[in-house]
Protein chains: 2
Amino acid sequence: MKHDHTKLLHDVDSQMPDDETLAELSELFSVFGDTTRIKILWALFESEMCVCAIAELLKMTQSAISHQLKLLRHAKLVNSRREGKTIYYFLADDHVRSIINQGMEHISE
Amino acid sequence: MKHDHTKLLHDVDSQMPDDETLAELSELFSVFGDTTRIKILWALFESEMCVCAIAELLKMTQSAISHQLKLLRHAKLVNSRREGKTIYYFLADDHVRSIINQGMEHISE
DNA sequence: GTATCATATGAACAAATAATCATATGATAA
DNA sequence: TTATCATATGATTATTTGTTCATATGATAC
């Protein structure tokens, strides 16, 4: 007979957030799950930056950076402001820092 | 003339961790960036669980869960212990909770 | 208006990834 | 040892994802 764990399953399931929330959560983390985007976020720790500066920093095309910034914007991790032709990107809030800091703590052990 | 930002780039670059660290960091976050794995981790918040219980909880095959647990193990987010035929998985440390909590804070705004 | 700089975006393609299937390993009980 | 339960793993496949290329938009200067 296979072993039973219906009681445990019920307890655990009752604490589990709904699927939509968990999907949002994993989507958020997957935004952090790319080297290019992590580098962009880390750069913005120091200062707001325009797209072409980020591209130059990471030695990547403007297009690639722009595509990634779009994802970061949609995840509400960065915001932008226009100044003439230039668009400056900056961190949306402090969660970015704390999430990345927690991640750094984990890998530095 | 294109606009210049060599000074900024130098400053930002000097604060940037090395590529290897940033790669590790993004790999860590990409482990959180999947619904199945987030569900597994959330389940383990409540209690250690054996593989077949997790599979039953998430209504997925044992194989799929086992593959994901492997990734979680390699990221050092979970550990396991054997008890007879059964293998119990549990959270490796408290970073898992704090990272997920920070993520939850961000999406619930 | 035209030219140019800065950025955004759609399509296409290559690489990475998550689930499935079949099978292997490892432990226990008979 | 044979049968069974619990888990792991390799190969395959469908889907997702990141970059590139070409082009579009939007602002400024002339």
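Residue numbers start from 1 in every chain, and the chains themselves are labelled A, B, ... in the order their sequence lines are given, proteins ahead of strands.
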B/Lys76 bridged to B/Asp93 by N-O distance under 4.0 Å:
no

Nearest whole angstrom, please: distance from the P of C/dT28 to the CD1 of B/Ile87.
11 Å

Just checking A/Thr86: base, sugar-phosphate only, or nothing, at a heavy-atom cut-off of under 4.0 Å?
sugar-phosphate

Tell me the interatomic distance from A/His3, atom NE2, to C/dA29, atom C1', rounded to whole angstroms.
17 Å

Taking protein heavy atoms under 4.0 Å as touching, what does nucleotides 10-23 of chain D look like 5' to 3' if B marks base contact, S marks sugar-phosphate-only contact and - marks none?
B-------SBBBB-

Taking it one step at a time, do B/Lys39 and A/Asp19 satisfy side chain to side chain contact (heavy atoms under 4.5 Å, CB included)?
CA-CA 9 Å; B/Lys39 285 180 185 173; A/Asp19 275 21; 3.6 Å; yes

Is it the case that the side chains of A/Thr36 and A/Gln68 hold a donor-acceptor pair, with the cut-off being a distance below 3.5 Å and no angle test?
no

Has B/Arg97 got its NZ or CZ under 6.0 Å from the middle of the six-membered ring of B/Phe45, at an angle within 45 degrees of the ring axis?
yes

Once you round it to whole Å, what is the distance between P of C/dA27 and OH of B/Tyr88?
16 Å

Would the distance check show the side chain of A/Ser66 and the main-chain N or O of A/Gln62 forming a donor-acceptor pair, the cut-off being under 3.5 Å?
no

Mind checking what makes side chain to side chain contact (heavy atoms under 4.5 Å, CB included) contact with A/Ile87, not counting sequence neighbours?
A/Ser80, A/Arg82, A/Tyr89

Is the NZ or CZ atom of B/Arg81 both under 6.0 Å from the centre of the six-membered ring of B/Phe90 and within 45° of that ring's axis?
no

Whole angstrom is fine here: how far is it from CG in B/Leu69 over to C1' in C/dA19?
14 Å

For A/Pro17 versus A/Leu22, what's the shortest heavy-atom pair and its separation?
O-CD1, 3.4 Å

Nearest-Å distance, CD1 (B/Ile40) to C1' (C/dA18)?
12 Å

Within the 4.0 Å heavy-atom criterion, would you say A/Tyr89 contacts the bases, only the backbone, or no part of the nucleic acid?
sugar-phosphate

Using a 4.0 Å heavy-atom cut-off, write out nucleotides 24-30 of chain D from 5' to 3' as B (base contacted by protein), S (sugar-phosphate only) or - (no contact).
--BBS--

